[in-house]
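In this text the structure is predicted, and so the values were computed from the model without any measurement. Each ligand, and each atom within it, is numbered from 1 in the order the structure gives.
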Amino acid sequence: MKPFSYERADTPGEAAAAAARIPGAKFIAGGTNLLDLMKLEIETPLHLIDVNGLGLDRIEATDDGGMRIGALVSNTDLAADSRIRRDYAVLARALLAGASGQLRNKATTAGNLLQRTRCPYFYDTNLPCNKRQPGSGCAAREGVSRQHAVLGSSDACIATHPSDMAIAMRLLDARVETVQPDGQVRHIPMTDLHRLPGDTPHIEHVLAPGELITAVTLPKPLGGQHFYYKVRDRASYAFALVSVAAVLQPDGNGRIALGGVAHKPWREEAAEADLPRGADIVAERLLADARTTAHNAFKLTLVRRTLGAVLAQARAGA
Ligand SMILES: Cc1cc2nc3c(=O)[nH]c(=O)nc-3n(C[C@H](O)[C@H](O)[C@H](O)COP(=O)(O)OP(=O)(O)OC[C@H]3O[C@@H](n4cnc5c(N)ncnc54)[C@H](O)[C@@H]3O)c2cc1C
Ligand code: SF4
């Protein structure tokens, strides 16, 4: 691991200002992703700003009937919150489908959103990767690409975003609240937080240097039945091949978002209008522009069948 300096920030404003002032600085929260990447020297921050003491660990009701989740709320605490379990069950289920109990105890809301891809070639420093080293190439395109993206990918990168929680937050139309180094607060819709890879897969989100996530806000509850189906190679402790988050209403209408298929949570509101017409029609619309490799074409069938299973479960009233 490369040497680095370390400080604990006392306020969000101080943390953001320090991150912008000190070259090579990064925030550290639970450290469950960043420390692994530092040990592999894929991330080499010169300075770490520990944000764990900022008091951003509360889950509060908002005046408009929604919820505000502090950036430092652990995945465990968020999944266990009785209001989240009752009103945003899709979020609690997505959280519990991720990682392991020990990891969820440390993993934070903001860190989970900004965790980096699990593309194996990103972690193998002997092979080219445009995300790790811009311009070096993409080993996954000619390599084993079973886990990789089928939607929104580019010639430069076919990686997926690994977060389960982010899929549910996209479904719920969450907004990310930040403080910038000049103290300004901004609210970013989840749909805009993560970027598609394009020619710059190393730029993964729209946050400015030093911009600190302080909270995620959820609008008022949607009601309906909530589902998070995650298909993976083993029953726990594995990232999604495909996941489907859904909130479905008794009349057959609702929302769906997909995980494991793209560089960001995937939701197309226009396709949701076809939900009462069945899974095949919705899947056909969602996957119309899919681009597969020899290894991951199975994901198209998997999306259709997982969506079919969710809709069947909803009809059965489970
Ligand atoms: C073995 C293993 C299995 C896993 N399985 C799953 C899984 O199935 N599903 C899943 O979703 N996840 C999974 N994870 C990922 C895990 O959920 C993430 O590592 C965790 O959520 C990251 O949160 P953290 O607080 O530890 O982030 P950190 O590692 O501390 O930080 C991650 C990134 O976020 C930035 N950051 C942190 N806080 C802020 C902030 N407030 N503002 C701005 N930037 C910030 C950091 O600078 C860093 O770039 C797994 C991880 C491991 C190690
Ligand atoms: S898919 Fe993206 S992360 Fe994986 S090797 Fe290619 S450029 Fe790197």
Notebook entry, point to check: Just heavy atoms, cut-off under 4.0 Å: does Q102 contact ligand 1 by side chain, backbone, both, or neither?
Noted result: neither
Next item on the list: State the atoms of ligand 1, each with its element, that fall below the 4.0 Å cut-off from a heavy-atom position in S163.
Entry: 11 (O)
Check: Counting each atom of ligand 1 from 1 as listed, which ones have a heavy atom of G98 under 4.0 Å away?
Finding: 7 (C), 8 (O), 9 (N)
Margin query: Can you confirm, on distance only, whether ligand 1 has an N/O atom lying under 3.5 Å from any N/O atom belonging to D164?
Written below: yes
Check: Of the protein's non-hydrogen atoms, which lies at the shortest distance from atom 27 (O) of ligand 1, and what is that distance?
Finding: G111 CA, 3.3 Å
Margin query: Please evaluate residues R175 and E177 with respect to the criterion salt bridge (charged side-chain N to carboxylate O under 4.0 Å, His left out), reporting the C-alpha separation (whole Å), side-chain torsions for both, the decisive distance (0.1 Å), and the verdict.
Written below: CA-CA 6 Å; R175 290 162 77 84; E177 185 185 301; over 6 Å; no
Check: ligand 1 and G30, any nitrogen or oxygen pair closer than 3.5 angstrom?
Finding: yes
Next item on the list: Examine K230 against ligand 1 and note whether any of their N/O atoms are separated by less than 3.5 Å.
Entry: yes
Next item on the list: Please determine if G31 has a nitrogen or oxygen closer than 3.5 Å to a nitrogen or oxygen of ligand 1.
Entry: yes
Margin query: In this structure, would I158 and L302 fall into the same cluster of hydrophobic residues linked by side-chain contacts under 4.5 Å?
Written below: no
Margin query: Checking side-chain polar atoms at under 3.5 Å, does N112 have a donor or acceptor matched by the opposite partner on S163?
Written below: yes
Next item on the list: Starting from atom 17 (O) of ligand 1, locate the nearest protein heavy atom and write down its residue, its atom name and how far away it is, to 0.1 Å.
Entry: N112 ND2, 3.5 Å
Check: Got a sec: does the CZ of R291 have more than 12 other heavy atoms crowding it under 6.0 Å?
Finding: yes
Notebook entry, point to check: Within the structure, does L103 bring an N/O atom to less than 3.5 angstrom of an N/O atom in ligand 1?
Noted result: no
Next item on the list: Return the option from I167, V176, V51, L114 holding the heavy atom at the smallest distance from atom 44 (N) of ligand 1.
Entry: L114
Item checked: Top protein contact for atom 49 (O) of ligand 1, by heavy-atom distance -> K26 CE, 3.2 Å
Item checked: Heavy-atom neighbours of E284 CD exceed 12 at 6.0 Å -> no
Notebook entry, point to check: Closest approach of V144 and Y121, non-hydrogen atoms and distance?
Noted result: N-OH, 2.7 Å
Note to self: Taking distance alone, with N or O pairs closer than 3.5 Å, would you say I28 contacts ligand 1?
What the structure shows: no
Next item on the list: Report yes if some N/O of I213 lies less than 3.5 Å from some N/O of ligand 1; otherwise report no.
Entry: yes
Note to self: Regarding atom 51 (C) of ligand 1: of the candidates K106, Q115, R118, which has the closest heavy atom?
What the structure shows: R118
Notebook entry, point to check: Can you tell me the protein heavy atom closest to atom 40 (C) of ligand 1 and the distance?
Noted result: A110 CB, 3.6 Å
Checklist line | Cluster overlap L113 with I28, hydrophobic side-chain contacts below 4.5 Å | finding: no
Note to self: Under a 4.0 angstrom heavy-atom cut-off, which atoms of ligand 1 come close to L34?
What the structure shows: 29 (O)
Notebook entry, point to check: Which residue supplies the protein heavy atom nearest to atom 20 (C) of ligand 1, what is that atom called, and how far is it?
Noted result: T32 OG1, 3.2 Å
Next item on the list: Would you name the heavy atoms of G152 and P197 that are closest together and state the gap between them?
Entry: O-CD, 3.3 Å
Checklist line | salt bridge (charged side-chain N to carboxylate O under 4.0 Å, His left out) evaluation trace for D173 with R170 | finding: CA-CA 5 Å; D173 279 339; R170 171 69 184 94; 3.5 Å; yes
Note to self: Is it the case that atom CZ in R118 sees more than 12 heavy atoms from other parts of the structure closer than 6.0 Å?
What the structure shows: yes
Next item on the list: May I ask whether A238 places a heavy atom under 4.0 Å from ligand 1?
Entry: yes
Item checked: Within 6.0 Å of CZ in R277, more than 12 heavy atoms from elsewhere -> no
Notebook entry, point to check: Is the number of heavy atoms from other residues, nucleotides or ligands within 6.0 Å of CD (E7) greater than 12?
Noted result: yes
Note to self: With respect to T108, determine whether any N or O atom, backbone or side chain, lies less than 3.5 Å from an N or O atom of ligand 1.
What the structure shows: yes
Margin query: Ignoring hydrogens and geometry beyond distance, is a side-chain donor-acceptor pair present between Q102 and N105 at under 3.5 Å?
Written below: no
Next item on the list: For ligand 1, find out whether one of its N or O atoms is nearer than 3.5 Å to an N or O atom of A99.
Entry: yes
Check: Can you check whether A29 has an N/O within less than 3.5 Å of an N/O in ligand 1?
Finding: yes
Note to self: Whether R68 and E60 form a salt bridge (side-chain N of Lys/Arg under 4.0 Å from carboxylate O of Asp/Glu) is what I want to check.
What the structure shows: yes
Checklist line | Subset of ligand 1 atoms that lie under 4.0 Å from at least one heavy atom of P162 | finding: 9 (N), 10 (C), 11 (O)
Margin query: Under 4.0 Å, heavy-atom basis, I'd like to know which part of A240 is in contact with ligand 1: side chain, backbone, both or neither.
Written below: neither
Checklist line | Shortest reach to atom 13 (C) of ligand 1 by a heavy atom, considering only Y237, F239, F27 | finding: F239
Checklist line | Greater than 12 external heavy atoms within 6.0 Å of D289's CG | finding: no
Next item on the list: Kindly say whether H148 contributes a backbone atom to a donor-acceptor pair with the side chain of K299 at under 3.5 angstrom?
Entry: yes
Margin query: List ligand 1 atoms under 4.0 Å from L212, heavy atoms only on the residue side.
Written below: 40 (C), 41 (N), 42 (N)
Next item on the list: List the steps and the verdict of salt bridge (charged side-chain N to carboxylate O under 4.0 Å, His left out) for E268 and R285.
Entry: CA-CA 9 Å; E268 285 184 33; R285 285 196 66 171; over 6 Å; no
Next item on the list: Could you grab the protein N, O or S atoms closer than 2.8 Å to atom 6 (Fe) of ligand 2 for me?
Entry: C138 SG
Next item on the list: Supply the members, apart from V179, of the Ile/Leu/Val/Met/Phe/Trp/Tyr cluster built from side-chain contacts under 4.5 Å; use none for a lone residue.
Entry: F27, I49, V51, L54, L56, L72, L212
Note to self: Do L151 and L307 sit in one hydrophobic cluster, given that two such residues count as connected whenever their side-chain heavy atoms are within less than 4.5 Å of each other, even indirectly?
What the structure shows: yes
